[in-house]
Amino acid sequence: MSHHGLIRGVQSLEGLRLRLVDAKGEVVGRLASQIAIILQGKDKPTFCSNKDDGDVVVVVNAAEAELTGRKWDQKLYRWHTGYPGGLKERTAKEMAEKKPDYVLRQAVLGMLPKNNLRRSMARKLRIYAGERHDFEQHPDLVPFQMPPRKLREKGDLFELPPGFEAFNPQAYQKRYGHRLNRQEQQQQQPQAAAAAATAAAQQPGGSRS
Amino acid sequence: MTRVKRGNVARKRRKQVLNLASGFRGSSSRLFRTAQQQTMKALSYSYRDRQQKKREFCGLWVTRLNAAARLYGLNYTNFRHNLKKAGIQLNRKV
């Protein structure tokens with residue numbers, strides 16, 4: 001196999017796929033949890049917790065992975081050097097500048113089980129900051145699709161189904177009153193705009209005629 | 001009281017414990033007193049783990065079913081739910 005020299009420190013690579021993950025635009029933690037599942041081999045029906053059967057994961061464009069909120073400035077990585085007074089802390093932005101794959105790699109390592117197989121699982125994870133990677137000649141590259149995000153529809157939960165009255169109208173108004181009013185205004189605005197548009201269309205027509 | 005010679009009673013008792021302790025490391029398989037301590041621990045672990053073995057294998061089977069179901073676009077909860085809806089299909093989780 002052509003990648004024998006590229007992946008060492010792992011028991012055997014027979015029968016394992018090589019998954020190509022594009023980290024561009026993906027949120028770090030969410031991507032890391034999927035990668036950790038693949039590395040452990042938990043997406044296979046032949047999963048065995050005492051055997052490292054996970055696929056090799058090649059991550060590309062790791063420098064383009066995203067963190068939500070202000071985490072680039074606020075998320076701190078801390079470690080102690082062993083010397084007195086040697087507690088170092090760096091923000092995610094600083095770590096990413098020095099080592100572009102650090103943020104994603106730490107996220108994945110934190111999600112792997114802390115046991116004797118962790119090292120070989122980590123060895124199967126290859127992260128590249130750019131587009132190029134060392135496995136382009138490999139015949140068995142399988143691209144990985146992130147599963148679709150389950151986004152909850154927010155906003156309509158306060159509406160009662162038609163025909164239902166609020167059991168406690170005062171509490172209902174107090175809790176959801178402002179959103180109900182906002183919804184009414186939004187409904188009235190398009191209606192008002194439509195009415196104004198029709199009125200404006202009629203007036204010039206009427207004045208000309 | 002009549003005189004009682006102790007005979008081989010104690011030796012038999014200790015030999016039984018040392019037989020249970022075969023394969024233990026160092027003095028725990030050779031000397032009776034350490035062997036007895038380690039044997040007591042070993043027996044209580046084996047009692048506990050006979051119960052845990054059933055749990056652990058069940059969890060392993062659930063993990064495998066989850067992975068297999070996801071190959072078809074389901075997850076384990078939906079898989080089980082639909083099996084239940086379809087009637088009592090015996091899912092022995094093996």
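The sequence lines fix the lettering, A, B, ..., with proteins before strands; numbering per chain opens at 1. Here the structure is a predicted model, which is why all the values come from computation and not from measurement.
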Using atom types as modelled and no hydrogens or angles, find all donor-acceptor pairs between chain A and chain B shorter than 3.5 Å.
unit_1, atom_1, unit_2, atom_2, d
A:F47, O, B:R64, NE, 2.8
A:F47, O, B:R64, NH2, 2.9

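- Closest of all the heavy-atom pairs between A:P45 and B:A67 is N-CB, 3.9 Å.
- Around the CG atom of A:N116, the shell of radius 6.0 Å holds no more than 12 heavy atoms that belong to other residues, nucleotides or ligands.
- By the 6.0 Å contact criterion, NZ on A:K98 is open, its count of non-hydrogen atoms from other residues, nucleotides or ligands being 12 or less.
- For A:Y77, the OH atom is densely surrounded, since the number of other residues' heavy atoms within 6.0 Å is greater than 12.
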